[in-house]
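Here's the structure, in structure tokens; my notes come after.
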Amino acid sequence: MPSIPAMPELPEVETVRSGLLAALAGRRVQRVELYRPDLRWPIPTARVRGLAGRRLTGIARRSKYLILEFGGPSPPCALVHLGMSGRLFVTPLRGRAAPDRQQHEHWRLFFADRVLRYVDPRRFGVLDVVPKDRVSAHRLLAGLGREPLDDTFDGAWLFAATRLRTAPIKSFLMDGRRLVGVGNIYASEALFRAGIRPTRAAGRLTRAECDRLATAIQDTLRDALAAGGTTLRDYRRADEDLGSFQLDLGVYGRAREACRRCGTPVKRIVQLGRATFFCPGCQR
DNA sequence: CAACCCACCTGACTGC
DNA sequence: TGCAGTCAGGTGGGTT
């Protein structure tokens, strides 16, 4: 049964999506358990309980939101975000016995022989239920920017979108109204791969740099996705959380260590209150 | 608008 | 061991 890494950036969320889809698609919710009325925002408890009896028909993803789609009359969907510390996983039901509730476990969807569980210590996550035909207009989804793994994301778009922007390129990459799915780790990593300093004004990147950066973002996300798949396969045997992906990080978390490419010590700075890592030797 | 700051929470880790 | 302080992967809302 799939589980979830404790590092929910886009590749991790996508890994969760495909794992949950394989484990749960076509199955009917038999019972719902909700252990608190809110996470980051209030949970519409009646609508969540109304999922009982419905079949899970699909799971979509937009940015780092998972959209669990259900069948039946006026089909609803559940909007789920893992926040910083959320995990979703499936546990088999042995006979009638439900598993013990974990610390910080906030809700469960019971299916006939398995249960989908949500654990989130920091409670920055989201659970909402809305009619399926209105989900794209949901206030949390309506203003979101481009998906970096879509065909429409490329250097030409990045160049056009950054013109006249004075904010640092790293801040631009993490602004969900422009581009989604690039979190704090992958923003530093993609800029390292592209050889671009995170402090550069976005609007001053050249067209060639935008091409390199767009490619670097996609490569970084795809590599992490591939690593996620590996971890997920291992997980089936381990039945324990492996903790994190084995993606090699070029700069993230490596302050004062030698750059793997040029040997210059990696620097750590703070942008928008978040740690940024870069190599002063090979990022210009 | 654009850019930035802050809050929301708990847990892990560091240094005294 | 204990304890205080720091930091953490996200991101919407508020302020300048």
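Each chain gets a letter, A, B and so on, in the order the sequences are listed, and its residues count up from 1.
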Under 3.5 Å: donor-acceptor pair, side chain of A/Arg260, backbone of A/Leu249: yes
Flag as yes if A/Phe124 stacks onto the base of B/dC8 (centroids under 5.5 Å, planes under 30°), otherwise no. yes
Let's test this: given Watson-Crick or G-U wobble pairing with both distances under 3.5 Å, identify the partner of B/dC9. none
Counting any heavy atom closer than 4.0 Å, what does A/Arg165 reach on the DNA or RNA strands: base, sugar-phosphate only, or nothing? sugar-phosphate
A/Ser188 (side chain) donor-acceptor with A/Phe277 (main chain) under 3.5 angstrom: yes
Inter-nucleotide C1' distance (C/dG13, B/dT10), Å rounded: 22 Å
For A/Gln103 and for A/Arg40, find the nucleotide of DNA chain B with the closest heavy atom, then tell me which residue's nucleotide is more 5'. A/Arg40
If you compare every side-chain N and O of A/Arg274 against the phosphate oxygens of C/dG10 (OP1, OP2), does one of them come in below 4.0 Å? yes
Quiz question: by atom type and distance under 3.5 Å, do the side chains of A/Thr276 and A/Gln271 form a donor-acceptor pair? yes
Would you mind classifying the nucleic acid contact of A/Arg177 as base, sugar-phosphate or nothing, using non-hydrogen atoms under 4.0 angstrom? nothing
CG (A/Leu10) and CG (A/Leu221) are apart, to the nearest 0.5 Å, by 6.0 Å
More 5' along DNA chain C: A/Leu140 or A/Ala275, using each one's nearest nucleotide? A/Ala275
A/Met174 CE to B/dA2 P, in whole Å, measures 18 Å
So A/Gly183, base contact, sugar-phosphate only, or nothing? Heavy-atom distance under 4.0 Å. sugar-phosphate
Among B/dA3, C/dG10, B/dG11, find the nucleotide with the atom closest to the side chain of A/Met84. C/dG10
A/Leu127 CG to B/dC8 P, straight-line distance once rounded to whole Å: 21 Å
Applying a 4.0 Å non-hydrogen cut-off, can you work out what A/Phe172 is touching in the nucleic acid: base, sugar-phosphate, or nothing? nothing
Taking for each residue the nucleotide of DNA chain C with the nearest heavy atom, is it A/Phe277 or A/Leu144 whose nucleotide lies nearer the 5' end? A/Phe277
Take atom CG of A/Asp175 and atom P of B/dC1, then tell me their distance rounded to the nearest Å. 14 Å
Atom CD of A/Gln271 to atom C1' of C/dT11: distance rounded to whole Å? 17 Å
Output field: ring centroids A/Tyr65/A/His81 closer than 6.0 Å: yes
Taking the cut-offs as 6.0 angstrom to the six-membered ring centre and 45 degrees off its axis, would you call A/Arg31 and A/Phe110 a cation-pi pair? yes
Mind calculating the distance between NZ (A/Lys170) and P (C/dG10) to the nearest angstrom? 9 Å
Classify the nucleic acid contact of A/Gly273 as base, sugar-phosphate or nothing, counting any heavy atom under 4.0 Å across all strands shown. nothing
Within less than 4.0 Å of OP1 or OP2 of C/dG10, is there a side-chain N or O belonging to A/Tyr186? no
Send over the distance from A/Leu141 CG to C/dG12 C1', rounded to a whole Å. 13 Å
Distance in angstrom units between A/Trp41 CH2 and B/dC9 P, rounded: 12 Å
Just by distance, do the side chain of A/Arg163 and the backbone of A/Gly203 share a donor-acceptor pair under 3.5 Å? yes
Taking atom C1' of C/dA8 as reference, at what distance in whole Å does atom CG of A/Asp120 sit? 13 Å
Tell me which nucleotide among B/dC4, C/dA8, C/dG12 gets nearest to the side chain of A/Arg139. C/dG12
Could you tell me how far C/dC7 sits from B/dC5 if I compare only their P atoms? Round to whole Å. 15 Å
Quiz item: A/Arg123 side-chain donor-acceptor pair to B/dC9 base, under 3.5 Å: no
Side-chain N,O (A/Thr166) to OP1/OP2 (B/dA3) below 4.0 Å: yes
OP1 or OP2 of B/dG11 less than 4.0 angstrom from a side-chain nitrogen or oxygen of A/His104, does that happen here? yes
A/Arg268 has a side chain; which of C/dC7, B/dC9, B/dG11 sits nearest to it? C/dC7
